*Asks:* 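Dropping a structure here in structure tokens format, bear with me for questions.
Note that the structure is predicted; figures quoted are calculated from it, not measured.
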Amino acid sequence: MATLIDSTSELSTVDRPAVVETYELRKTYRTGFWLNQKVVSLKGCTLKVFQGETFGLLGPNGAGKTTLLKTLLSIVRPNGGRGLVLGQPLGDRAVKERIGYLPENPYFYDYLTGWETLQFTAGLFKIPPSVQKQRIPQLLDLVGLAQSTARKKQLRQYSKGMLQRIGMAQALINDPDLVFFDEPMSGLDPMGRYQIREIILSLKSQGKTIFFNSHVLSDVEAICDRIAILAEGELICIGSLKELLGVAETYTIKGRGGSLDVIKKRMVNLEFRDGYWQGHLKGDPYDFLASLNLMGAQLVTVNLARPSLEEFFIQQLHARGIRTSS
């Protein structure tokens with residue numbers, strides 16, 4: 001089992017308040033005809049998410065990710081533990097006005113247009129019409145639906161990617177401080193995933209806090225400040241990518257030939273096998289690669305020394321004996 005990393009370690013020197021806090025949060029469901037069977041979905045989850053960061057919650061199917069998110073949103077009630085969102089206990093009605101939410105499978109009135117959908121959502125928040133006239137075009141532009149054909153189309157004519165984008169727009173209609181996205185990239189093609197990723201990065205640049213679940217680990221690795229892995233209802237690790245994966249600037253280099261004295265000075269954990277050498281580079285990789293050419297050495301491979309997030313994710317699950325095949 002991976003050691004649970006202190007979630008405040010990366011941000012301890014920065015004065016950023018926690019906007020999401022959970023302490024030993026637990027949730028158990030009753031199933032069966034007589035409701036006499038128990039399924040434990042969350043087992044004492046403790047975490048913090050800080051203001052202005054993008055936080056990714058990862059885990060296999062059935063890990064409890066959606067349950068944790070819905071518990072934070074007070075859609076379901078926990079059986080134990082406690083939590084705070086924006087400094088207030090779970091379920092505080094005033095706090096909900098400052099939160100945006102996009103579920104994994106959102107339901108929309110498909111006879112409405114994109115513009116009408118945002119008007120309807122704005123009405124639920126009692127946003128004045130004068131504010132709506134400014135905010136709706138801004139949101140449609142943000143999510144790439146500002147074209148007249150898209151804004152005037154009924155949602156039944158929207159593609160999967162367009163529905164995800166209008167869903168993001170409705171989640172932002174109240175200009176929230178904290179946004180929850182449940183699998184925002186699920187079912188999208190590479191271009192759709194890229195567009196959603198760009199929207200999240202835009203929100204981050206505005207200082208908003210984003211908490212989202214995802215199975216697309218490459219996207220999580222590209223945009224998240226910190227991540228947590230949830231498996232079988234338990235948080236098995238939490239921290240920044242640097243804390244969990246190691247320093248990105250460390251490279252493993254394999255080659256042959258050259259001045260071994262120079263190579264030994266520039267590399268650590270150096271190994272020799274079958275006429276080749278391999279080790280971890282110290283310092284600037286570009287300068288070293290140029291020096292190899294001058295030494296007449298042959299470069300074979302250059303790779304980041306740290307594992308990818310996907311490799312780390314699989315390692316953590318295998319360490320707990322959890323199958324990763326569907």
Side-chain angles (χ1 to χ4, degrees), residues 1-12 14 16 18-23 25 41-73 83 85 102 104 178-186 193-194 196-201 203-205 208-250 304-320 322 324:
M1 180 186 299
T3 302
L4 186 68
I5 296 175
D6 179 9
S7 61
T8 63
S9 59
E10 184 73 0
L11 300 172
S12 59
V14 182
R16 287 203 250 180
V19 296
V20 174
E21 301 174 71
T22 68
Y23 302 94
L25 206 61
S41 186
L42 295 177
K43 304 175 183 177
C45 291
T46 298
L47 63 80
K48 288 185 179 182
V49 178
F50 295 88
Q51 186 181 61
E53 75 173 346
T54 301
F55 187 88
L57 182 64
L58 314 178
N61 290 332
K65 302 188 301 299
T66 297
T67 296
L68 177 56
L69 191 149
K70 287 184 175 181
T71 302
L72 293 173
L73 291 164
V85 174
L102 174 64
E104 181 178 4
L178 171 63
V179 189
F180 291 94
F181 296 135
D182 194 354
E183 300 290 351
M185 301 163 189
S186 176
R193 285 168 37 206
Y194 170 79
I196 297 299
R197 188 170 69 236
E198 290 299 300
I199 293 170
I200 293 176
L201 289 173
L203 297 176
K204 180 179 177 179
S205 69
K208 297 188 184 298
T209 305
I210 301 105
F211 185 116
F212 74 100
N213 305 339
S214 182
H215 285 122
V216 187
L217 302 189
S218 59
D219 291 331
V220 171
E221 189 169 6
I223 64 179
C224 284
D225 298 304
R226 292 191 306 130
I227 65 164
I229 297 179
L230 188 68
E232 298 180 332
E234 294 184 70
L235 284 170
I236 59 177
C237 58
I238 181 171
S240 68
L241 293 175
K242 181 178 178 180
E243 289 173 323
L244 298 177
L245 305 182
V247 180
E249 290 75 17
T250 302
L304 282 174
R306 78 178 191 183
S308 67
L309 179 57
E310 181 176 0
E311 291 169 335
F312 178 80
F313 178 77
I314 298 299
Q315 289 169 4
Q316 297 307 309
L317 297 186
H318 284 176
R320 295 177 59 88
I322 299 172
T324 54

*Asks:* What's the separation between atom CG in Leu25 and atom OG1 in Thr67, rounded to the nearest 0.5 Å?
*Replies:* 10.5 Å
*Asks:* With a 4.5 Å limit on heavy-atom distance, are the side chains of Leu309 and Leu58 in contact?
*Replies:* yes
*Asks:* Just wondering, do Asp219 and Ser214 contact through their side chains at under 4.5 Å, heavy atoms?
*Replies:* no
*Asks:* Taking the side chain from Lys208 and the backbone from Leu203, do they hold a donor-acceptor pair closer than 3.5 Å?
*Replies:* no
*Asks:* Between Glu53 and Arg16, is there a side-chain N and carboxylate O pair less than 4.0 Å apart?
*Replies:* no
*Asks:* How many angstroms lie between CD in Glu310 and CD in Glu221, if you round to the nearest 0.5 Å?
*Replies:* 9.5 Å
*Asks:* Arg226 side chain to Lys48 main-chain N or O, any donor-acceptor pair under 3.5 Å?
*Replies:* yes
*Asks:* Report yes if some heavy atom in the side chain of Asn61 is under 4.5 Å from a heavy atom in the side chain of His215; otherwise report no.
*Replies:* yes
*Asks:* Would you name the heavy atoms of Gly64 and Leu42 that are closest together and state the gap between them?
*Replies:* O-CD2, 3.6 Å
*Asks:* Counting neighbours of CD on Gln315 that are heavy atoms of other residues, nucleotides or ligands and sit closer than 6.0 Å, is the number greater than 12?
*Replies:* yes
*Asks:* Please check if atom NZ in Lys204 has more than 12 non-hydrogen atoms from other residues, nucleotides or ligands closer than 6.0 Å.
*Replies:* yes
*Asks:* Mind checking the CD1-SG spacing from Ile227 to Cys237? Nearest 0.5 Å is all I need.
*Replies:* 6.0 Å
*Asks:* Any side-chain heavy atom of Leu69 sitting closer than 4.5 Å to one from Leu57?
*Replies:* no
*Asks:* Going from CG on Leu230 to NZ on Lys43, what distance comes out if it is rounded to the nearest 0.5 angstrom?
*Replies:* 10.0 Å
*Asks:* Output yes when a side-chain donor or acceptor of Thr22 lies under 3.5 Å from a complementary backbone atom of Leu47, and no otherwise.
*Replies:* yes
*Asks:* Determine whether Thr54 and Phe212 make a side-chain contact, defined as any pair of heavy atoms from C-beta on separated by less than 4.5 Å.
*Replies:* yes
*Asks:* Roughly how far, to the nearest 0.5 Å, is the CG atom of Leu68 from the CZ atom of Phe180?
*Replies:* 8.5 Å
*Asks:* Is there side-chain contact between Ile200 and Phe181, with at least one heavy-atom pair below 4.5 Å?
*Replies:* yes
*Asks:* Inspect the surroundings of OH in Tyr23 and state if more than 12 heavy atoms from other residues, nucleotides or ligands are less than 6.0 Å away.
*Replies:* yes
*Asks:* Are the side chains of Phe312 and Ile229 in touch, meaning some heavy atoms are under 4.5 Å apart?
*Replies:* yes
*Asks:* Looking only at heavy atoms, what is the nearest atom pair of Gly233 and Cys45, with distance?
*Replies:* O-SG, 3.5 Å
*Asks:* Rounded to the nearest 0.5 Å, how far does CG of Leu201 lie from CD1 of Ile196?
*Replies:* 11.5 Å
*Asks:* Within a strict 4.5 Å, meaning less than it, do heavy atoms of the Phe211 and Val85 side chains meet?
*Replies:* no
*Asks:* For the residue pair Lys65 and Pro60, what are the closest heavy atoms and their distance?
*Replies:* NZ-O, 3.2 Å
